[in-house]
Structure formats: C-alpha cells, structure tokens
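In what follows, a structure is listed as structure tokens, so that the remarks can point back to it.
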2 protein chains.
Amino acid sequence: MTSDSGSVEPGADRLGALADDAVLGSTGYLLLKAGVHVGHAIEQAMRDLGLSMRDLLVLSFAAVLEGMSQQELSERLGLDPTLVVGLVDGLEERDLVRREKDPDDRRRNMVVLTEEGARLRSQAIEAATAVQDDYLAPLSDQQRTVLRSMLFDVMSPRLPWLRSS
Amino acid sequence: MTSDSGSVEPGADRLGALADDAVLGSTGYLLLKAGVHVGHAIEQAMRDLGLSMRDLLVLSFAAVLEGMSQQELSERLGLDPTLVVGLVDGLEERDLVRREKDPDDRRRNMVVLTEEGARLRSQAIEAATAVQDDYLAPLSDQQRTVLRSMLFDVMSPRLPWLRSS
DNA sequence: TATTGTTATACTCTATAACTATA
DNA sequence: TATAGTTATAGAGTATAACAATA
C-alpha cells in the first residue's frame, strides 16, 4: 500500500490491457474473482451479526427445507459431514437452531430453525441483500435480472436443486 | 451418493423453489457458487498439465507484465508475499519462470517467463478455455459477451488494474 | 451389513514473526 | 529507517479414520 514508484497503481503504461489476456480477462476468471469478492463482502457483513456466511446458509436451508438432516445439509453445502457437526453445534449453542431426532429414522438429526434463529435470519438477509445491492451497483435493475438469469442457466446443470426442489 | 428415500435428489415436493430464497436464490450466492465451480473445474484441468490455477495466474501475469516483481505479483494475486515465494520456487524449479534481479533496485526479483513457460502457458490457456466454453455452454455467444461485460463492470471498481494497466 | 452422526487425529493451507540484503 | 524477499513457526481450516447408535 505504499506509494513508491514501481508498484501496481502507477503507469498504466508498460502494456496494454491486462484485460485482454486469455486468462486474466476471461469470463471465467472474472466470475471467479467476483465470487470470491462477494463471498468476502458477505462474510464481513455477517460478522457484525456474529455469524459466518456458512451459518447464514445453514439458517437458509433450515428455513426452506423441512426436516432437513445433517447429511442432506452437508450435501447442499458441499461440505464434509464432520464439518457440519461443528457448524450445527455453534448454532445450537446460541439457540438459533435445534436438533430433532427424526421419528421415522432415529439416526437422523433434523436441523430445525428456532424462533430466535428465524429472527436473526431476517436481519442477516437484510444485511446480505444490502451488500449485494452495493456490489451490483454498477448494473441497472434490468441488467441484474439478466445476470441472475444467466447465472441460473449456467449453474442449473451443476446445482440440480435449483430446478427441482 | 446412495439412492435412499430421504436424500437430496428425490421428491421435488417438500417445498417450492429453493431458488426463491432471498439468500439461496440470490444473484450473489449464484455468483459465489459459479466462481467456486469454475475454479474447481480449471484447477482440475490444470492438474493434467502439472499446474495449479495459481501457477497459471503467475504465468499469465508474468507474460503480460514486464519486469513484474514478486511484491507486485502478490498484490495482483491477492496473496501473501510469503506464499509467492513458494509459488515462484515451484515454477522456477521446472524452468517455467526465472528470477532476475531488477538492476534499478536489486532488492526486487523480477519474475520472467521462460520459453518453456511460454509453451506450457499456451497449452494451459487452451485447456482453461475449453473448460470455460464447456462451462458456459448454456449461454449463446452473445449472452457470454453480455455476461463478461457485466462482470467487468461489477469488478472494475474492485480490481483497478482491469481498467488501467 | 450399511448409514447417521460424532470424536480424535493428521494433514494442508495460510498467516505471523524474525532475519538478510538492499535502499 | 524502510522495503523486497526469505525462512521458520504457529494457527486455522479441512479431511481421514475409527466409533456408537440405529436401521
């Protein structure tokens, strides 16, 4: 972050358009960077609420999927089941979520949102939405709709639950 | 990956549209997931060439930025300078890149692409492009252009070098 | 016998602190 | 005195293996 001579900020000379590089200017790389940046931004916003982004995702899945097991949660999150244990532990300690034995299969823990959890989730959604709006500020409402639709089309084959349930 | 009854694949009942959730269906989350998925896909494609995605990025920056120092590389990659050491080490051992003392400031190591590095970079670009094409298959050429342009607009404020140099 | 959830352990990745050399 | 690069070390995050309860 110094202002010395040979740093990143400077000349804009040296070579034309890094953005023209087949990798650095590619849609894929931009997508990757965008994803990482949005992730960090949301993560930071969640910190103010004492949550991680993963916590928010757990609250979200729990809110939408009735009787969701930890197993299923692990699949949805794309996370090892052993990590889900700790995740749910943390949320349960704070009464945002509780484990309920599935009566039909008592091996399963259903992860269900508490009232407190629902309340905090509302706040978290608000914060996350604000971050997103700020992030997408350069785009018009119409453009955002187009962007979401395209991302949807691209991701649907990879996230089957986007279409089905 | 079992085919039991209560798993992810099944009913498509239980609740309408996970995609309507304010978080799980948001542009930001789709962006995040898309970025991660593309990243994994490229990472895997690079493995066949004995490279990591980071390796490819180093080769790319080295190809485009003349006299790039490790410091600058670390800023561009958004990576700690201590990590860059190992990265460059690995590439230098395989003669894909070499360190040259900057004559104007002999503290600086300029990371410069070798012929071998340029060759492998070409192959890597080919592979990465193929992955990307496959990834964006659901979109028309025109849509891809629009997508790239929108990502560009969104990322420009955060990656200053996208516009300048 | 197979599966869910759990714990304990090992491994990988990343960041921190301290050092050398240049400026 | 400050900066580029390096090394060694500690920490965080993740995966692996083994176990208990249930099916």
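Numbered from 1 within each chain, the chains take letters A, B, ... in sequence-line order. The model shown is predicted, which means the values in this text are computed figures rather than measured ones.
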Using a 4.0 Å heavy-atom cut-off, does A:Asp80 contact any base of the nucleic acid, only the sugar-phosphate backbone, or nothing at all?
base

Tell me the interatomic distance from A:Glu92, atom CD, to C:dT6, atom C1', rounded to whole angstroms.
13 Å

Taking only the side-chain heavy atoms of A:Gln70 (C-beta and beyond), determine which of D:dA2, C:dT3, C:dG5 contains the nearest atom.
C:dG5

Can you measure A:Leu87 atom CG to D:dA15 atom P for me and round it to whole angstrom units?
12 Å

Near DNA chain D, counting only heavy atoms under 4.0 Å, which residues of residues 93-101 of chain A show up?
none

Atom CG of B:Asp89 and atom C1' of D:dG5: how far apart are they, to the nearest Å?
11 Å

Rounded to whole Å, please give me the gap between CG in A:Leu73 and P in C:dG5.
9 Å

For B:Glu72 and D:dT3, give me the distance from atom CD to atom C1', rounded to whole Å.
15 Å

Any A:Arg106 side-chain nitrogen or oxygen under 4.0 Å from OP1 or OP2 of D:dT22:
yes

Taking the side chain from A:Arg148 and the backbone from B:Gly25, do they hold a donor-acceptor pair closer than 3.5 Å?
yes

Distance check needed: C:dG5 P versus A:Asn109 CG, whole Å only.
6 Å

Heavy-atom donor-acceptor pair, A:Ser69 side chain to A:Arg108 backbone, under 3.5 Å:
no

Between A:Met110 and B:Thr82, the residue closer to the 5' end of DNA chain C by nearest nucleotide is A:Met110

Go nucleotide by nucleotide along DNA chain C from the 5' end; which of B:Leu79 and A:Val85 gets its closest nucleotide reached first?
A:Val85

Find the distance A:Glu43:CD to D:dG13:P and express it as a whole number of Å.
10 Å

In this structure, are over 12 heavy atoms from other groups packed under 6.0 Å from A:Glu100 atom CD?
yes

What I want to check is whether an N or O donor and acceptor connect the side chain of A:Arg108 with the base of C:dT4 at under 3.5 Å.
no

Take A:Tyr29 and B:Met53 through the test side-chain contact (heavy atoms from CB on, under 4.5 Å) and record every step on the way to the result.
CA-CA 10 Å; A:Tyr29 183 60; B:Met53 186 170 48; over 6 Å; no

To the nearest angstrom, the CZ-C1' distance between B:Arg107 and D:dA4 comes to 6 Å

Side chain of B:Arg99, backbone of B:Met110: donor and acceptor closer than 3.5 Å?
no

Do any side-chain nitrogens or oxygens of A:Arg54 fall under 4.0 Å of OP1 or OP2 in D:dT14?
yes

Within the side chain of B:Thr114, is there an N or O that forms a donor-acceptor pair under 3.5 Å with the backbone of B:Leu96?
yes

Salt bridge A:Arg47-A:Glu43, side-chain N to carboxylate O under 4.0 Å
no

Please check if the side chain of B:Asp55 supplies one atom and the backbone of B:Ser52 the other of a donor-acceptor pair under 3.5 Å.
yes

Nearest-nucleotide comparison on DNA chain D, the residue closer to the 5′ end among A:Asp104 and A:Leu83:
A:Leu83

Any side-chain N or O of B:Gln71 under 4.0 Å from OP1/OP2 of D:dA4?
yes

Report the nucleotide, chosen from C:dG5, C:dA21, D:dG5, that has the shortest atom-to-atom distance to any side-chain atom of A:Ser69.
C:dG5

